Enquirer: 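Okay, handing you the structure first.
Throughout, a chain's letter reflects where its sequence line sits, starting with A, and its residues are numbered from 1. Only a predicted model underlies this, so the values are computations on that prediction, with no experimental measurement involved. Computation of the quantities below employed the complete heavy-atom set of this structure, encompassing side-chain atoms and omitting hydrogens, waters and symmetry-equivalent molecules.
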2 protein chains.
Amino acid sequence: MVHYSEARLDTAFAALSDATRRGVLEQLGRSEASITELADRFHMTLTGMKKHISVLERAGLVTTRKVGRVRTCRSGLSGLEEEAAWIENYRKMWSARFEALDEVIEELQAQENDDERHGK
Amino acid sequence: MVHYSEARLDTAFAALSDATRRGVLEQLGRSEASITELADRFHMTLTGMKKHISVLERAGLVTTRKVGRVRTCRSGLSGLEEEAAWIENYRKMWSARFEALDEVIEELQAQENDDERHGK
DNA sequence: TATATACTGAACCATATGGTTCACTATTCA
DNA sequence: TGAATAGTGAACCATATGGTTCAGTATATA
């Protein structure tokens, strides 16, 4: 099975566990923005938003660059690959189990039919 | 755009942000287990594991049922639908942006060729 | 019935989180 | 140069988290 960096998944999922940060990600999906702009939009102090951006940056979900006074934030595309892969993997595992169950059921039914055909 | 329950996403992503809990989910993907069994496997007190299970249960990622003394835990299949959808949605948004960019670039190139053909 | 097992819950602890204010630096603009 | 703007960082606060221990309840087993 594929192995993921646990620490990486920790910080990424933790970053995603806050509604404001998910909102920021959606916003940045539409257009870049400065920290001040984001702070305004999400009714929060500049310092507060700065913290959120730091969290998102550490998680690799956002990249920033500073030009003059203003730091511009943009969504970091590659950030969700690993998380999506983890979730997908987990779901596949389940699908596999259900398919296995289906097979067992089919086999049992086939056997029943078999029994019927051979009497008893 | 689809709307997700922010509180639901909060708790689900938070639940996924811990390596032990992700491990438990993987384990439960392979087979059901009692809390004691999980506590042993993850080198943790029974009480500690109970807390993790509670978190996973609240997040809708695990279901449990108690028979006699023992509470059996099983992976809650439906739990990850919404998170996967959120991530997918976010990624699609980005794909769309890149496609739009591609179109712009293509148009610019087409215009360049056009200019060349008509001289100037 | 006595003992062991499986869980539950309260209390505690250290650390992290989400937010604030305040003081500071660096840039821009009049 | 002086005032406004954008960000940074430290300190603080309340609450949450991940873990523990200890004391309890409920169930199984000898």
Enquirer: For side chain to side chain contact (heavy atoms under 4.5 Å, CB included), just list the numbers for Thr72(B) and Thr64(B), CA-CA rounded to whole Å, side-chain angles, deciding distance to a tenth of an Å, and then say yes or no.
Expert: CA-CA 5 Å; Thr72(B) 303; Thr64(B) 72; over 6 Å; no
Enquirer: For dT8(D), does either OP1 or OP2 sit under 4.0 Å from a side-chain N or O belonging to Arg71(A)?
Expert: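 The answer is yes; a side-chain N or O of Arg71(A) sits under 4.0 Å from OP1 or OP2.
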Enquirer: Search all heavy atoms of Ala33(B) against all heavy atoms of Leu28(B) and return the closest pair with its distance.
Expert: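 So the two residues come closest at N-CD2, 3.8 Å.
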Enquirer: Rounded to the nearest Å, what distance is computed from the CE atom of residue Met44(B) to the P atom of nucleotide dT20(D)?
Expert: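 So the CE-P distance, Met44(B) to dT20(D), works out to 6 Å.
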Enquirer: Nearest-Å distance, CD1 (Ile53(A)) to P (dG19(C))?
Expert: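 Answer to the nearest Å: 12 Å.
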Enquirer: Enumerate the protein-to-nucleotides 9-17 of chain C contacts in which both atoms are nitrogen or oxygen and the separation is below 3.5 Å.
Expert:
from	atom 1	to	atom 2	distance (Å)
dG9(C)	O6	Thr47(B)	OG1	3.1

Enquirer: Quick one: stems for DNA chain D, with Watson-Crick or G-U pairs under 3.5 Å, at least three in a row?
Expert: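 DNA chain D forms these stems: C:1-30 with D:1-30.
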Enquirer: NA contact type, Gly48(B), heavy-atom cut-off 4.0 Å: base, sugar-phosphate, or nothing?
Expert: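 Contact class for Gly48(B): base.
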Enquirer: How many Å lie between NE2 on His52(A) and C1' on dG7(D), as a whole number?
Expert: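 Interatomic distance, NE2 of His52(A) to C1' of dG7(D): 16 Å.
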Enquirer: Students often get this wrong, so: under 4.0 angstrom with heavy atoms, is Ile35(B) touching a base, only sugar-phosphate, or nothing?
Expert: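 Answer is sugar-phosphate: Ile35(B) comes under 4.0 Å of backbone atoms only.
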Enquirer: Of all the heavy-atom pairs spanning Ser17(A) and Ala14(B), show the shortest one and how long it is.
Expert: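 Result for this residue pair: CB-N, 3.4 Å.
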Enquirer: Strictly by modelled atom types, are Glu57(A) and Thr63(A) linked by a side-chain donor-acceptor pair under 3.5 Å?
Expert: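 Result is no, nothing qualifies.
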Enquirer: Could you tell me the separation between the CG atom of Leu46(B) and the P atom of dT8(C), rounded to a whole number of Å?
Expert: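 Checked: the CG to P distance equals 8 Å.
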Enquirer: Mapping Glu37(B) and Ser17(A) onto DNA chain C by nearest heavy atom, which one lands closer to the 5' end?
Expert: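 Taking each residue's closest nucleotide, the earlier one in sequence belongs to Glu37(B).
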Enquirer: Among Glu37(B), Gln27(B), Arg65(B), which residue meets the side chain to side chain contact (heavy atoms under 4.5 Å, CB included) test with Glu32(B)?
Expert: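 The side chain to side chain contact (heavy atoms under 4.5 Å, CB included) with Glu32(B) is passed solely by Arg65(B) among Glu37(B), Gln27(B), Arg65(B).
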Enquirer: Quick one: closest heavy-atom pair of Ala19(B) and Glu6(A), and the distance?
Expert: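 Closest heavy-atom pair between Ala19(B) and Glu6(A): CB-OE1, 3.6 Å.
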Enquirer: How close or far is atom P of dA4(D) from atom CZ of Arg69(A), stated in whole angstroms?
Expert: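 Arg69(A) atom CZ is separated from dA4(D) atom P by 13 Å.
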Enquirer: Looking at every non-hydrogen atom in both residues, tell me the closest pair between Ala12(B) and Leu61(B) and how far apart they are.
Expert: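 The answer is O-CD1, 4.3 Å.
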Enquirer: Atom NZ of Lys66(B) to atom C1' of dT27(D): distance rounded to whole Å?
Expert: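 Between C1' of dT27(D) and NZ of Lys66(B): 9 Å.
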Enquirer: Between Ser34(A) and Val70(A), what is the shortest heavy-atom contact and its length?
Expert: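 Ser34(A) and Val70(A) have their closest heavy atoms at CB-CG2, 3.7 Å.
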Enquirer: What's the closest nucleotide to the Val70(A) side chain, out of dT8(C), dG19(D), dG7(D)?
Expert: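 Nearest listed nucleotide: dG7(D).
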Enquirer: Do you know the tightest heavy-atom contact between Arg71(A) and Lys66(A)?
Expert: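 For Arg71(A) and Lys66(A), the tightest heavy-atom pair comes out as NH2-CD, 3.8 Å.
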Enquirer: Rounding to an integer number of Å, can you tell me how far Phe42(B) CZ sits from dG18(D) P?
Expert: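 Those two atoms, CZ and P, are 15 Å apart.
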Enquirer: So if I take every side-chain heavy atom of Ser34(B) and compare against dC7(C), dG18(D), dT21(C), which nucleotide ends up nearest?
Expert: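 From the listed options, dC7(C) comes nearest.
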